[in-house]
Student: 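Sharing a structure below in structure tokens format, with a few things to ask.
In what follows, every heavy atom counts, from backbone to side chain, and hydrogens, waters and symmetry copies are set aside. What you are looking at is a predicted structure, and each value in this text was computed from that prediction instead of being measured. Order of the sequence lines fixes the chain letters, A, B, ..., with proteins taken first and strands second; residue numbering starts at 1 for each chain.
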Number of protein chains: 4
Amino acid sequence: MRTNRDNNGPPPAEDNKQRILQAALREFTERGLDGARVERIAESAGVNKALLYYYYSSKENLFSSVIDEHFRMILPLIRKTLEDTSDPETALRQVAAVYAELSQRHPEFIRLLVRELAQPDSPMVVRAAETMKESGVPGQLRRLLSEGQAKGTIREFDLRQAAVSFITMNLGYFIMAPIVDRVLQIDDRKQFISERIQANVDLFLRGITT
Amino acid sequence: MRTNRDNNGPPPAEDNKQRILQAALREFTERGLDGARVERIAESAGVNKALLYYYYSSKENLFSSVIDEHFRMILPLIRKTLEDTSDPETALRQVAAVYAELSQRHPEFIRLLVRELAQPDSPMVVRAAETMKESGVPGQLRRLLSEGQAKGTIREFDLRQAAVSFITMNLGYFIMAPIVDRVLQIDDRKQFISERIQANVDLFLRGITT
Amino acid sequence: MRTNRDNNGPPPAEDNKQRILQAALREFTERGLDGARVERIAESAGVNKALLYYYYSSKENLFSSVIDEHFRMILPLIRKTLEDTSDPETALRQVAAVYAELSQRHPEFIRLLVRELAQPDSPMVVRAAETMKESGVPGQLRRLLSEGQAKGTIREFDLRQAAVSFITMNLGYFIMAPIVDRVLQIDDRKQFISERIQANVDLFLRGITT
Amino acid sequence: MRTNRDNNGPPPAEDNKQRILQAALREFTERGLDGARVERIAESAGVNKALLYYYYSSKENLFSSVIDEHFRMILPLIRKTLEDTSDPETALRQVAAVYAELSQRHPEFIRLLVRELAQPDSPMVVRAAETMKESGVPGQLRRLLSEGQAKGTIREFDLRQAAVSFITMNLGYFIMAPIVDRVLQIDDRKQFISERIQANVDLFLRGITT
DNA sequence: AATGAATGAGAATTCATTCAT
DNA sequence: AATGAATGAATTCTCATTCAT
């Protein structure tokens, strides 16, 4: 019988509660809420099923906890965007960079979110929208573009469309990578992503300037 | 005893096999493979559970059939893209229009696909990639851009990045709409989509021309 | 769609009713009443499941029909035993030969019967007992042995025990062949059986004579 | 709510795992693998169906476990045969006695085995053959007879045939009892069996000695 | 006589959750 | 805090049987 006390591999400071959360994250990412199995999570965390209920009371609640935990981790990343910037190019680059970082440091978050996108009113989707809104990114983006238009450096167009375009061309790749990588035979995803930021900023900037 | 002959609600011409497929589509779109319930599909199709197995032998196989059916329906739409076009602007507009049409005429397809995107190696994802590749759209797009670059009408840049950008800024909205709509408070989605095509084409064209 | 009219392989005179019976025999022999599948029988007979019910009204009834048919075929074989014989040796050889013939010409009957033996009150078992009794074989055997004892050519012993011994040492092999063949590595079963008759008669005769 | 602690009928010391095994044995003996119902086994064991799967993972595996358990119980019985014996008569009596004891102490084993005999390659049949072979009984029997032939106390004949005859005349009754009892109107089976051992040994010994 | 379609009643198995210790 | 055992309520799938034509 393997308990989680006599193991030597995993970090010793991590207690069972955390290990369950990590295992749950893996399972939910891989299979979604419905496809996930409580048994598998417990086993993968090296604990008894009942302990999972002791800490998290239900599968759904565990799922929420996983999502909560993720938003907690992601928030600082999102918040630092657009700090003290009034230059559109810098701002755009920051936004693009944050999405890229998010996708690379928290790929499971993206996968969880993608699955939830299939259910438009899923709590996670609602929350993601709120988080984005609260981050101030879209607002600030529109403000900068608006100012540019006033100054005449940026041409006239629908700001919302442009904002959507910039966000989707940046986030979109991370979501559609499984398809895009196959279609365009992108093998070195790391390299591709790093080049992507500059390419998107360039394209967008040229697209909007007068 | 309720048979499907004396029903009054559902279309009478459709036979049971088709009605099961339709019901399955609804259920799978709404809840995914794991969340779907065979019982619910049968009930919603107005037939006995056993009949579902008579025709489709298993839940998984029914799921595959639903996907097959969808690709069958979508293929002609995809194929007609880029027919006989050598003008980049026309080509881009066509591509944008096709994606928009796809998303509006087959929203369930998008939802099914989105969920599968969470599992990068899912058969549906692989097939979507193949279909896209076979449609010739990405290839032709790159050819046109490449020609433009040769002629000097289009500036130098990484063609793959640009292709990805154009595809994601078009398809991306349909996938991320549940978030984007909330963030930007887009209420009239229909209107927004129709304007989107032109906005994207404009942005992209300006972004790439010298 | 394969019907049984356009086939060329199977005998043309055999009608569907017979073919169902044959198929059922195979299936029941192979898997027993509970393990048998109506679907499989119909398919193997090359007819529709419903036709099977048209002719035989139920699975159980089909099973009975199979058994009936077998007893019908076996009866003449059993009946001819011990015709006009007053010599013990000849009688014993006849009995042994009949069991051997039965086992070789109707191995499915043996298999069906064996399975039923696990349920002591199964109709087939009851009927097999009745058939054996009615055949007169055990009675006549006892009579001959009894006469021998009276004449002093056969020693005194329990006639029933002897009868059981003779029957089991003959029939027993056919029933236990799957085990016996493995234990004693009997490969040429045909040859073994043919020698078995004489060996049994010899052994038994020597065992009972004074 | 009925738990198995407040029961009064079944033995309290036996734990659920064992009770399931016992219930399964009854059910499988009575109805065979295909005829057995998991529900019935669980009920008869006084436990929840799910617990049965908790311990035995599948119906088939439970069946195997039942058989395993039986071979475990039977092995010591088989092994003690022919210990330190060089006298044929003693040896024969021991063999006959062991089979009789087996049949009387483990009648379910016989019934299970009989049913499996209808499928010649069934695992249980294969294993029964191996167990018999490994027990050394057939080998030792042949050795003793062979020695007797060398010494001239036993006449010349096919040793394999004789071995089969002795085994089948002993085991055969236990297998065919449902028929034999009816034909010969054997009511007091216990008495009949006890006399059977001596009768068989006598018959066989006389049959083989010069 | 013959069939494809349809179904009710199970049957095995699963799974989230709870209990006793 | 931690666990093995236990369970109720599904859930997928099966199967003998019937229906309509």
Student: Heavy atoms only: give me the nearest Asn48(A)-Ala42(A) pair and the separation to one decimal.
Tutor: C-CB, 4.1 Å
Student: Looking at every non-hydrogen atom in both residues, tell me the closest pair between Pro178(B) and Leu117(A) and how far apart they are.
Tutor: CG-O, 3.8 Å
Student: Can you find a side chain N or O atom of Tyr55(D) that sits less than 4.0 Å from OP1 or OP2 on dG4(F)?
Tutor: no
Student: How many Å lie between CD on Glu43(D) and C1' on dA12(E), as a whole number?
Tutor: 16 Å
Student: Take atom CD1 of Ile20(B) and atom C1' of dA6(E), then tell me their distance rounded to the nearest Å.
Tutor: 10 Å
Student: Indicate for each nucleotide in nucleotides 14-21 of chain F, in 5' to 3' sequence, whether protein heavy atoms under 4.0 Å reach the base (B), only the sugar-phosphate (S), or nothing (-).
Tutor: BBBBBB--
Student: Rounded off to whole Å, could you give me the CD-to-P distance for the Gln18(B) and dA6(E) pair?
Tutor: 13 Å
Student: Between atom NZ in Lys17(A) and atom P in dA2(F), what is the gap in whole Å?
Tutor: 12 Å
Student: Is Arg40(C) salt-bridged to Glu43(C), going by a charged N under 4.0 Å from an acidic O?
Tutor: no
Student: Applying a 4.0 Å non-hydrogen cut-off, can you work out what Tyr54(B) is touching in the nucleic acid: base, sugar-phosphate, or nothing?
Tutor: base
Student: Measure from the side-chain heavy atoms of Leu51(B) and tell me the nearest of dT7(E), dG4(E), dT3(E).
Tutor: dT7(E)
Student: Starting from P on dG4(F), measure out to CG on Leu52(D) and report it in whole angstrom.
Tutor: 20 Å
Student: Need the pair for dT3(E). Rule: Watson-Crick or G-U wobble, both distances under 3.5 Å, any strand; none if unpaired.
Tutor: dA20(F)
Student: Assign the ring pair Phe109(D) / His70(D) to parallel, tilted or perpendicular, where the plane angle (0 to 90°) is split at 30° and 60°.
Tutor: parallel
Student: Within this structure, what is the CG-to-C1' distance between Asn16(A) and dT3(F), rounded to whole angstrom?
Tutor: 12 Å
Student: Out of curiosity, Arg19(D) CZ to Leu52(D) CG, how far, rounded to the nearest 0.5 Å?
Tutor: 12.5 Å
Student: Please report, rounded to the nearest Å, how far the P atom of dG10(E) is from the CD1 atom of Ile41(D).
Tutor: 18 Å
Student: Taking all atoms of both residues into account, what is the closest heavy-atom pair of Tyr55(B) and Lys17(B), and its distance?
Tutor: CD2-CD, 3.7 Å
Student: Who is the Watson-Crick or G-U wobble partner of dA11(E), with both distances under 3.5 Å?
Tutor: dT12(F)
Student: Going by distance alone, is a donor N or O of one side chain under 3.5 Å from an acceptor N or O of the other, for Glu116(A) and Ser122(A)?
Tutor: yes
